[in-house]
Amino acid sequence: MVFLRVAERLSFRAAAEELGLSPSAVGQIVRALERRVGAPLLVRTTRRVGLTEAGEQFLRGARLAVQAMGDAAHSARTLADVPSGLLRLSVPRAVAYLIVDAVVTEFCRRHPALDVELYADDGVADLVADGFDAGIRFGELIAQDMVAVRLTPPFPFTVVASPDYLEAHGTPRHPEDLSSHRCIRFRQASSHGLYRWEFAHDGRNFAVNVDGDLIVNDSRLNVLAAESGAGLAYSAWPLVAGQIADGRLVPVLAPYLPRTEGMFLCYPSRAQSLPKLRAFAEFARNHFQV
C-alpha cells in the first residue's frame with residue numbers, strides 16, 4: 001500500500017502526508033520492499049521520483065492484488081452484516097420434517113443469499129468437530145458448553161393408531177399390552193438397531209421391545225403407516241398433533257409417555273455473533289412463539 005501511494009503520487013512526502021507517516025518511514029518501507037523483491041522499484045533524485053521498469057511491472061501486479069484484497073474484505077464485511085453463505089444444521093431425524101415444514105422453507109424464501117443444509121441423524125453429532133453452525137436438540141441432549149435457545153415448549157412423546165386399527169384390535173391400556181398388538185418398528189440409522197419404545201411411570205423410566213411386521217427408518221413414514229392402519233406408532237407429539245386434532249390418529253397410553261424439555265437451537269458461544277445464525281434463531285423463535 002505504501003509503494004502504491006508513492007508510485008501514484010511520485011512523491012515520498014505527498015505519500016507520507018496521506019498515510020500519516022513520516023517521509024523517512026515511507027522511505028524505509030519502500031527500501032524494505034525492494035530488498036524483498038530483489039530489484040529497485042523507484043528512481044530517486046533530489047527533484048523527482050520515478051518508476052524503474054521493474055517498478056512499473058510491480059505496480060501493475062500490486063494494483064490487482066490490492067483490488068483483490070479490497071474485494072475479499074468487502075465480502076467478509078458483507079458476511080458479517082447480512083445473513084448469507086451456508087448455514088449447516090444438525091437435526092434429530094425424528095423431527096427433521098417438522099423443521100423443514102415449519103421453518104426452513106419460509107426462512108430460505110426470506111433470505112435468498114443464504115443456503116441451508118440440514119443433516120438429519122438419529123445420533124447426536126459433534127457440532128464443532130463435524131463443521132455444523134448449530135444443531136436442533138431435545139433439551140436433555142444439549143452439551144453443557146453450548147448456548148441453547150428454546151424453540152418449543154416441553155412436549156410429550158406419544159403412541160398413536162388409526163381409529164380403524166383400535167376398533168379392530170382394541171386399545172392398549174398399559175405398555176405390557178403392546179405384546180398383543182402390531183407395532184410399527186423404527187430402524188435407527190446411526191446404530192442400525194430397532195428403537196425400544198420408552199415409557200415413564202411413577203418416577204421410573206423403562207423401555208419396551210415391541211413386535212410388528214412393518215419396520216421403517218423414517219419418521220414421516222412411521223406416521224403415515226399408523227394413519228393407514230398398519231399398527232401402533234411411537235412418535236414425538238408435534239409430528240402427530242395435526243392428525244390427532246382432525247381425528248386421523250388417536251393417542252393411547254398417555255399416562256406412561258415421557259416428556260421432553262422441548263426443542264432447542266444450540267451452538268458454540270463464539271458463533272452467536274454470526275448474522276446467519278442470529279437470523280435463524282430469531283425466525284425460529286417467532287415461528288414457534290416461544
Side-chain angles (χ1 to χ4, degrees), residues 79-80 82-152 154-155 157 184-196 198 215-225 233-241 260-288 290:
L79 284 175
V82 179
S84 57
L86 176 65
L87 177 65
R88 298 191 72 230
L89 298 173
S90 166
V91 301
R93 185 181 295 272
V95 295
Y97 288 115
L98 175 67
I99 300 303
V100 171
D101 292 343
V103 178
V104 174
T105 302
E106 176 64 16
F107 178 74
C108 290
R109 188 189 67 78
R110 294 191 185 187
H111 298 280
L114 186 61
D115 297 327
V116 177
E117 178 181 347
L118 288 182
Y119 183 83
D121 191 8
D122 291 326
V124 181
D126 186 320
L127 299 182
V128 176
D130 294 336
F132 292 104
D133 294 297
I136 293 175
R137 296 284 183 264
F138 294 115
E140 55 270 22
L141 298 177
I142 298 174
Q144 293 183 349
D145 57 348
M146 290 285 161
V147 176
V149 177
R150 179 177 287 279
L151 297 181
T152 73
F155 58 80
F157 290 91
I184 302 165
R185 293 181 287 171
F186 195 92
R187 176 80 65 187
Q188 295 177 297
S190 56
S191 66
H192 303 292
L194 292 172
Y195 176 69
R196 301 178 70 208
E198 298 178 63
I215 299 173
V216 300
N217 71 339
D218 179 272
S219 56
R220 179 163 287 182
L221 282 177
N222 188 42
V223 175
L224 289 174
Y234 192 101
S235 176
W237 180 269
L239 294 178
V240 293
T260 173
E261 287 298 310
M263 291 189 296
F264 292 76
L265 180 70
C266 56
Y267 47 84
S269 59
R270 68 173 183 270
Q272 58 189 331
S273 62
L274 294 175
K276 59 184 178 181
L277 194 51
R278 293 200 310 269
F280 183 78
E282 180 180 0
F283 181 88
R285 283 172 59 88
N286 289 338
H287 178 87
F288 288 112
V290 176

Side chains of Ser90 and Leu127 in contact at under 4.5 Å (non-hydrogen atoms) |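 When only atoms from C-beta onward are counted, Leu127 and Ser90 do touch, with a gap below 4.5 Å.
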
Are the side chain of [X] and the backbone N or O of [Y] linked by a donor-acceptor pair below 3.5 Å?
{"X": "Arg150", "Y": "Glu261", "value": "yes"}
{"X": "Thr152", "Y": "Met263", "value": "yes"}
{"X": "Asp130", "Y": "Phe132", "value": "no"}

Would you name the heavy atoms of Ile215 and Leu194 that are closest together and state the gap between them?
->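 Shortest heavy-atom separation between Ile215 and Leu194 comes out as CG2-CD2, 3.7 Å.
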
Identify the heavy atoms of Pro83 and Leu114 that sit nearest to each other, and give their distance.
->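 Residues Pro83 and Leu114, closest heavy atoms: O-CB, 4.1 Å.
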
[X]: partners by side-chain contact (heavy atoms from CB on, under 4.5 Å), with sequence neighbours left out:
{"X": "Val216", "value": "Ile184, Phe186, Leu214, Leu221, Asn222"}
{"X": "Ala148", "value": "Ile142, Phe264"}
{"X": "Thr260", "value": "Phe138, Glu140, Phe155, Phe157"}
{"X": "Ala96", "value": "Val91, Ala120"}

Residues which pass salt bridge (Lys or Arg N to Asp or Glu O under 4.0 Å) with Glu117, listed by chain and number, not counting sequence neighbours =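 Glu117 satisfies salt bridge (Lys or Arg N to Asp or Glu O under 4.0 Å) with Arg88 only.
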
Mind checking what makes salt bridge (Lys or Arg N to Asp or Glu O under 4.0 Å) contact with Arg187, not counting sequence neighbours?
-> none

Approximate separation, where rounding is to 0.5 Å, of [X] [atom1] and [Y] [atom2]:
{"X": "Leu277", "Y": "Glu282", "atom1": "CG", "atom2": "CD", "answer": "12.0 Å"}
{"X": "Asp115", "Y": "Lys276", "atom1": "CG", "atom2": "NZ", "answer": "10.0 Å"}
{"X": "Leu151", "Y": "Asn286", "atom1": "CG", "atom2": "CG", "answer": "11.0 Å"}

Thinking salt bridges, do Arg110 and Glu106 make one under a 4.0 Å N-O criterion?
->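 Looking at Arg110 and Glu106, the cut-off is met.
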
Should the heavy atoms of other residues, nucleotides or ligands under 6.0 Å from OH of Tyr195 be counted, would the total exceed 12?
->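 Enclosed.
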
The single option from Leu118, Leu265, Val149 passing side chain to side chain contact (heavy atoms under 4.5 Å, CB included) against Ile136 =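 In the set Leu118, Leu265, Val149, the residue that makes a side chain to side chain contact (heavy atoms under 4.5 Å, CB included) with Ile136 is Leu265.
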
Not counting sequence neighbours, which residues clear ring pair (Phe, Tyr, Trp, His ring centres under 6.0 Å) with Phe280? List them please.
->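 Counting only residues at least two positions away or on another chain, Phe280 forms a ring pair (Phe, Tyr, Trp, His ring centres under 6.0 Å) with Phe107.
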
